[in-house]
Amino acid sequence: MFRQLLVGGTVSVLNIAVHALVMMIVVRVAQAKGAQTASYPSLILMAVMIPIVSILMIAHGLEVMVWSLAYLVVGAAPPGADLVYFAFVNYTTLGYGDVTPLENWRLLGPLTAMNGVLLFGWSTAVIFEVLRRTLRRRLEVPRSD
């Protein structure tokens, strides 16, 4: 069990690092797009949210690939299993159950799911914060004191 926790923890930390790096990019994109002036606030909101969500989806895809690579390295899935599919099912907590880990690696599935839930939650929080800040910036009315 220790080996499973060590591998799962290591891959989780690696994915957290990937996500943190992507979050730095997201903040820069949000700042650049949000600083633009336009007479149509809805277009600015779209110009901010589309790249942000797209970048986050790519990040989650990369994180799934990290898990599938880990499954390959340790031999966690049955021979012939589609490791990317297996990682996606676990990471998204979809849990079809059509591919199951080998007995000695069965904790990697729940660890993958836990990592995915946490990273999806982090992404959701950032999306809402970017949305909130963009809307606040767009709706601020200059004072004439």
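Residues take their numbers from the sequence shown, with the count starting at 1.
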What residues form a ring pair (Phe, Tyr, Trp, His ring centres under 6.0 Å) with Y91, not counting sequence neighbours? H60, F120
Linked hydrophobic residues, I58 as query - side chain contacts closer than 4.5 Å: L62
Could you give all pairs that pass the salt bridge (charged side-chain N to carboxylate O under 4.0 Å, His left out) test and reach residues 111-131, with sequence neighbours left out? E129-R132, E129-R133
For V89, check side-chain contact (heavy atoms from CB on, under 4.5 Å) against everything at least two apart and list the hits. Y85, L94, Y96
Taking side-chain contact (heavy atoms from CB on, under 4.5 Å) as the test, write out the residues that go with A70, two or more places apart. V11
side-chain contact (heavy atoms from CB on, under 4.5 Å) with L21: which residues, sequence neighbours excluded? M24
Quick one: salt bridge (charged side-chain N to carboxylate O under 4.0 Å, His left out) pairs with a partner in residues 7-24, sequence neighbours left out? none
Give me the atom names and distance for the closest heavy-atom approach of M46 to P51. O-CD, 4.0 Å
Go through the structure and list residues passing side-chain contact (heavy atoms from CB on, under 4.5 Å) with L5, not counting sequence neighbours. M1, L107, L111
Got a sec, which pairs hit salt bridge (charged side-chain N to carboxylate O under 4.0 Å, His left out) with one end in residues 77-103, sequence neighbours left out? E103-R106
Which atoms form the tightest heavy-atom contact between G61 and F88, and what is the distance? CA-CZ, 4.5 Å
Residue pairs passing the side-chain hydrogen bond (donor to acceptor under 3.5 Å, both in side chains) test with at least one member in residues 1-16, sequence neighbours excluded, are N15-N115
